[in-house]
Amino acid sequence: MHSKPHIITLIGSGLLALLLSACQSLPSTPHLPNSEALTLQSQLRLQDTRHYSATKLGDSIAAQTENHPNLSGYYPIATGANAFAARSILSDLASQTIDIQYYIWHNDEAGQLMLKDLWEAAERGVKVRLLLDDMNSSESLDQILLRFAEHPNVAVRLMNPMANRKIRTVNYLSNPMRINARMHNKSMTFDNRISIIGGRNIGNEYLNNNTVNNFADLDVMLLGSVVKDVTNSFEEYWASPLAYDIETLVKKSYQPTTELLSPAVWDDLNHSQSASSSERAVRRYRQAVQSSTIADDLIQKRLPFRWTKVRLFVDPVEKLTRAKATADQHLVAQLQRVIGRPKANFSVISSYFVPTKDGTDTLIKLANDGVKISILTNSFDATDVGVVHSGYAHWRKPLLMAGVNLFEVKSTATNDADNDNKFWRTKQLTTTSLHAKAFAVDDRFVFIGSYNIDPRSANINTELGVLIYDQALATQLHQALQNSPSLIQQAYKLELDDRGLIRWHTINDGTPTIYRNEPNTNLKDRAGIVMLGLLPIDGLL
């Protein structure tokens, strides 16, 4: 009679032993001497601007910044092609340092080509520091990054890493609180003189070269005083004891380079003329760089930077420990203290929008006080994280009843414009998921960065972004969500009918269309949205 419990005990003990044996601890020393030496060399170069000023790019940027003391220049980058080209070209033009901080760096054509550009910069003597969050890493990417870090002018660190590199699920079981907190910051800074920040990660889908799913996104290129703030923020994260040199975490597999790199990128290195689908993808990236005028426009001071006050907002790296940073230090609290209360207009573009009860109550009160509120987020069909949609869906009706304008991007949204003004949509005729994060307050501020309007961004992950003091940009964003005739073709406008039921209004192929149920969903999808919305999980989304 005791045989079954005995067997169960043995099995349980065996599983526990397996789990414990699979658990690994992080190294006691996160930073190695070579990495520390490169860090010191980079910091010394950041302080010495003589060599940089002698370059064409350095001379051009110096001339522009000297004409706008105490201000910053910004230039929005809307399309994926321009986003890739800007990073690639500036990597080629850098002469001293490149500091990179990202949440996701995919091991695809875009990711490998960017590493190739950085390797070539290191070959010229540029000091390259790459800081990546470890949530989306893989064994194959580990090996590429380890090989990349072998260059004497390169250091790679992984933020808040997985101790167990092979059985990653174990990390969530052994230390769920730590693993749940991620570095979502995104920035790339060249010679401490020019930065690119925003919503984009590095990967095909974020840079609009993926034929399956494009993340319509927004970056901003920065010059002037705010760039040094971006560098200071990078230094804080880079020096954190949570940022581990990759050599302390990963063992070399001794795979040949041809097996580490995709065939397309390997052929690009050797100037192959083959034409597989992957090679064609690489060529499209290279064509984007070749057709871009960013380098010439920068040097000739033709790139239309707008000069104004720009402030960087960033979460302290201690937020990742969940205990060492108080809520009033978080980015969202910093923003609230500066922005205050919207008085006339509040327009939001957010890939993930989870307002929670408190946020919904605040928005309703603002709307009742006469503030015009417009929000653009993903439809269920367009989002890449369906559970997040459930954290938004159950707040739609009270928001609509208060007069808040809600728009949901269609999965087939495209942008046929030839300019960057309609910056939240992609130009390519493919499935689209909104990934941009921006909002405008009255005619005073526009925020662009990595911060989504959701509890995870506010309370768990670290984020980064800039507040731009520009009435023209704020007006442009408000008009895009309030008066743009093309928006109703790219998104659903949610309205309540006479019975108080939500209807999705759009224009399909020139024909006005009204959906009575969540578009492109079945009964199972809709039931799941409702059921998840009943659970008290908003704070985790």
Testing the 3.5 Å rule here: is there a donor-acceptor pair between the side chains of [X] and [Y]?
{"X": "Asp315", "Y": "Tyr237", "answer": "no"}
{"X": "Thr308", "Y": "Asp470", "answer": "no"}
{"X": "Asp328", "Y": "Thr326", "answer": "yes"}
{"X": "His106", "Y": "Glu205", "answer": "yes"}
{"X": "Asn180", "Y": "Arg456", "answer": "yes"}
{"X": "Thr462", "Y": "Asn185", "answer": "yes"}
{"X": "Ser225", "Y": "Ser72", "answer": "yes"}
{"X": "Asp245", "Y": "Thr248", "answer": "no"}
{"X": "Ser292", "Y": "Asn82", "answer": "no"}

Can you tell me how far [atom2] of [Y] sits from [atom1] of [X], rounded to the nearest 0.5 angstrom?
{"X": "Ile98", "Y": "Leu93", "atom1": "CD1", "atom2": "CG", "value": "9.5 Å"}
{"X": "Ile104", "Y": "Asn136", "atom1": "CD1", "atom2": "CG", "value": "4.0 Å"}
{"X": "Asp99", "Y": "Ser195", "atom1": "CG", "atom2": "OG", "value": "9.0 Å"}
{"X": "Leu158", "Y": "Glu247", "atom1": "CG", "atom2": "CD", "value": "9.5 Å"}

Using modelled atom types and a 3.5 Å cut-off, is there a donor and acceptor pairing between side-chain atoms of [X] and backbone atoms of [Y]?
{"X": "Asn171", "Y": "Ala163", "answer": "yes"}
{"X": "Arg311", "Y": "Leu467", "answer": "no"}
{"X": "Asp191", "Y": "Ala94", "answer": "no"}
{"X": "Ser233", "Y": "Asp229", "answer": "no"}
{"X": "Ser35", "Y": "Ala155", "answer": "no"}
{"X": "Asn160", "Y": "Ala181", "answer": "yes"}
{"X": "Arg157", "Y": "Arg129", "answer": "no"}
{"X": "His330", "Y": "Ile460", "answer": "no"}
{"X": "Trp105", "Y": "Gly111", "answer": "yes"}

Taking the side chain as everything from C-beta on, heavy atoms only, tell me whether [X] gets closer than 4.5 Å to [Y].
{"X": "Leu223", "Y": "Trp307", "value": "yes"}
{"X": "Gln96", "Y": "Leu46", "value": "no"}
{"X": "His389", "Y": "Leu532", "value": "no"}
{"X": "Tyr244", "Y": "Asp134", "value": "no"}
{"X": "Leu26", "Y": "Arg178", "value": "yes"}
{"X": "Glu150", "Y": "Lys252", "value": "yes"}
{"X": "Ile375", "Y": "Leu363", "value": "yes"}
{"X": "Phe148", "Y": "Val128", "value": "yes"}

Practice task
May I have the step-by-step check of side chain to side chain contact (heavy atoms under 4.5 Å, CB included) for Val282 and Leu113, ending in yes or no?
Solution key: CA-CA 8 Å; Val282 168; Leu113 285 172; 3.9 Å; yes
Practice task
Could you give me the CA-CA distance, side-chain angles and deciding distance for Ser137 and Arg168, then say whether side chain to side chain contact (heavy atoms under 4.5 Å, CB included) is met?
Solution key: CA-CA 10 Å; Ser137 58; Arg168 292 179 178 265; 2.9 Å; yes
Problem - Parallel, tilted or perpendicular, as decided by the 30° and 60° cut-offs, for the rings of Phe353 and Tyr392 - result: perpendicular
Problem - Phe234 and Trp238 aromatic ring geometry - parallel, tilted or perpendicular at 30°/60° bounds - result: parallel
Practice task
Tell me, with the steps shown, if Asp59 and Arg193 meet salt bridge (charged side-chain N to carboxylate O under 4.0 Å, His left out).
Solution key: CA-CA 11 Å; Asp59 181 65; Arg193 291 295 179 272; over 6 Å; no
Practice task
For a ring pair (Phe, Tyr, Trp, His ring centres under 6.0 Å) with His184, tell me which candidate from Tyr102, Tyr103, Tyr451 qualifies.
Solution key: Tyr103
Note: [X]-[Y] ion pair, threshold 4.0 Å (strictly below):
{"X": "Asp117", "Y": "Arg286", "answer": "yes"}
{"X": "Glu463", "Y": "Lys437", "answer": "no"}
{"X": "Asp133", "Y": "Lys186", "answer": "no"}

Problem - From CA spacing to verdict: salt bridge (charged side-chain N to carboxylate O under 4.0 Å, His left out), Lys116, Glu120 - result: CA-CA 6 Å; Lys116 175 178 178 283; Glu120 291 172 348; 3.1 Å; yes
Handout entry: side chain to side chain contact (heavy atoms under 4.5 Å, CB included), paired with Ser350, selected from Asn452, Leu434, Asn378
Key =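 Among Asn452, Leu434, Asn378, the one meeting side chain to side chain contact (heavy atoms under 4.5 Å, CB included) with Ser350 is Asn452.
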Exercise for the section: Look at atom CG of Asn34 and say whether more than 12 heavy atoms of other residues, nucleotides or ligands are closer to it than 6.0 Å. Expected result: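 Atom CG in Asn34 is not crowded, with 12 or fewer foreign heavy atoms closer than 6.0 Å.
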Exercise for the section: Please report the closest heavy-atom contact between Arg341 and Arg444, naming both atoms and the distance. Expected result: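 Closest approach of Arg341 to Arg444: O-NH2, 4.1 Å.
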Exercise for the section: Indicate the atoms forming the closest heavy-atom contact of Pro355 with Gly391, along with that distance. Expected result: CD-O, 4.2 Å
Problem - Chi angles and distances behind the ring pair (Phe, Tyr, Trp, His ring centres under 6.0 Å) call for Tyr469, Phe445 - result: CA-CA 5 Å; Tyr469 293 63; Phe445 309 115; 4.9 Å; yes
Practice task
Output all residues satisfying salt bridge (charged side-chain N to carboxylate O under 4.0 Å, His left out) with Glu66, sequence neighbours left out; order by chain, then residue number.
Solution key: none
Exercise for the section: Using salt bridge (charged side-chain N to carboxylate O under 4.0 Å, His left out) as the criterion, list what pairs up with Lys166, not counting sequence neighbours. Expected result: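 Once residues adjacent in sequence are excluded, the partners of Lys166 under the salt bridge (charged side-chain N to carboxylate O under 4.0 Å, His left out) criterion are Glu139.
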Practice task
Please assess Thr321 against Leu242 for the test side chain to side chain contact (heavy atoms under 4.5 Å, CB included), listing each intermediate value before the final yes or no.
Solution key: CA-CA 9 Å; Thr321 67; Leu242 292 175; 4.0 Å; yes
Practice task
Go through the steps for Arg87 and Ile202 under the test side chain to side chain contact (heavy atoms under 4.5 Å, CB included), then give the verdict.
Solution key: CA-CA 10 Å; Arg87 289 166 170 83; Ile202 302 300; 3.7 Å; yes
